[in-house]
Peer 1: 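One structure, as structure tokens, below. Some questions next.
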Amino acid sequence: LWPWLLASSGLSALIQLVTLPFFPDSPSYLLIQKGNEEACRKAIRKLWGEGDHQAEIDDIMKEKGAMASTKSLRVLEVIKERSLRWQLYILVTVMTTLQLCGINAIYFYSFEVFHTAKFEEYLIPYVSLGVGLCECLSSILCSTLIDRFGRKVLLWGGYLLMCSVLALLTTTLSLQHRFFWMHYFSVILIFLFVVFFGIGP
């Protein structure tokens, strides 16, 4: 089953490859990059139907004007630019915490936790698949929550809940030889950690 599951990602890529030539070019690309207003209008009509789309074209023209007045900076210039310092700090912090949040360790050690929880050997790959499915579903849920609560709340809440789950998971793994039910509690915590990771970071 696993070879088929791995090959399934290639199927979606093949579908995109075949259907991509039939999609219209982006109106903003046609107007800003190519400078072809007629092709832009045609793409807009194809995407949004017939009607007066002058307001959208005016917005794209404003965007083109803003891009023309903005200087492209090299990486070293971005680092030296004082007005971008806080944005750079935030970006580096978010990306660093994303890499060090523990999700890779959870995926790496989950098989061992499931094995210790006395799951049948043939069931463990399916439980691991369930963990991945949890992340996928929680990411979809996040897209609906982000408009309501905002990115900052989801980031703070996600990391706070993930820290709490990791603390509890450390405790349950330490006590798993004393209490038989700790194994199952550890499995639940792994699923919760993945859900909070998908909703937050």
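What you see is a predicted model; the values in this text were computed from it and never measured.
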Peer 1: Minimum heavy-atom separation for M182 and Q176, please, with both atom names.
Peer 2: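 Heavy atoms of M182 and Q176 come nearest at CB-CA, 3.7 Å.
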Peer 1: Surrounding CD of E112 (heavy atoms of other residues, nucleotides or ligands, distance under 6.0 Å), is the total greater than 12?
Peer 2: no
Peer 1: Do F193 and I103 make a side-chain contact, defined as non-hydrogen atoms from C-beta onward lying under 4.5 Å apart?
Peer 2: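 With C-beta onward as the side chain, the pair touches.
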Peer 1: Locate the shortest heavy-atom distance separating C101 from L98; write the atom from each residue and the value.
Peer 2: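 Looking at all heavy atoms of both residues, the shortest contact is SG-O, 3.4 Å.
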Peer 1: Are a donor atom and an acceptor atom from the side chains of Y107 and E135 found within less than 3.5 Å of each other?
Peer 2: yes
Peer 1: Please walk me through it: do E38 and K42 pass salt bridge (charged side-chain N to carboxylate O under 4.0 Å, His left out)?
Peer 2: CA-CA 6 Å; E38 185 55 39; K42 187 177 176 182; over 6 Å; no
Peer 1: Linking directly or through intermediates, with side-chain heavy atoms under 4.5 Å: list the remaining ILVMFWY members grouped with W86, chain and number order.
Peer 2: Y89
Peer 1: Report the relative orientation of the aromatic rings in F191 and F114; use parallel for angles under 30°, tilted for 30 to 60°, perpendicular for over 60°.
Peer 2: tilted
Peer 1: To the nearest 0.5 Å, how far apart are CZ in F111 and CD1 in I190?
Peer 2: 12.0 Å
Peer 1: Check this for me: R85, atom CZ, are more than 12 non-hydrogen atoms of other residues, nucleotides or ligands nearer than 6.0 Å?
Peer 2: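 Result for CZ/R85: enclosed.
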Peer 1: Applying a strict under-4.5 Å side-chain criterion to I, L, V, M, F, W and Y, I'd like to know whether L47 and L30 cluster together.
Peer 2: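 No, L47 does not connect to L30 through the hydrophobic network.
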Peer 1: Is a donor on one side and an acceptor on the other found under 3.5 Å between the side chain of E81 and the backbone of V78?
Peer 2: no
Peer 1: Where is the tightest heavy-atom contact between P27 and A43, given as atom of each residue plus distance?
Peer 2: CG-CB, 4.2 Å
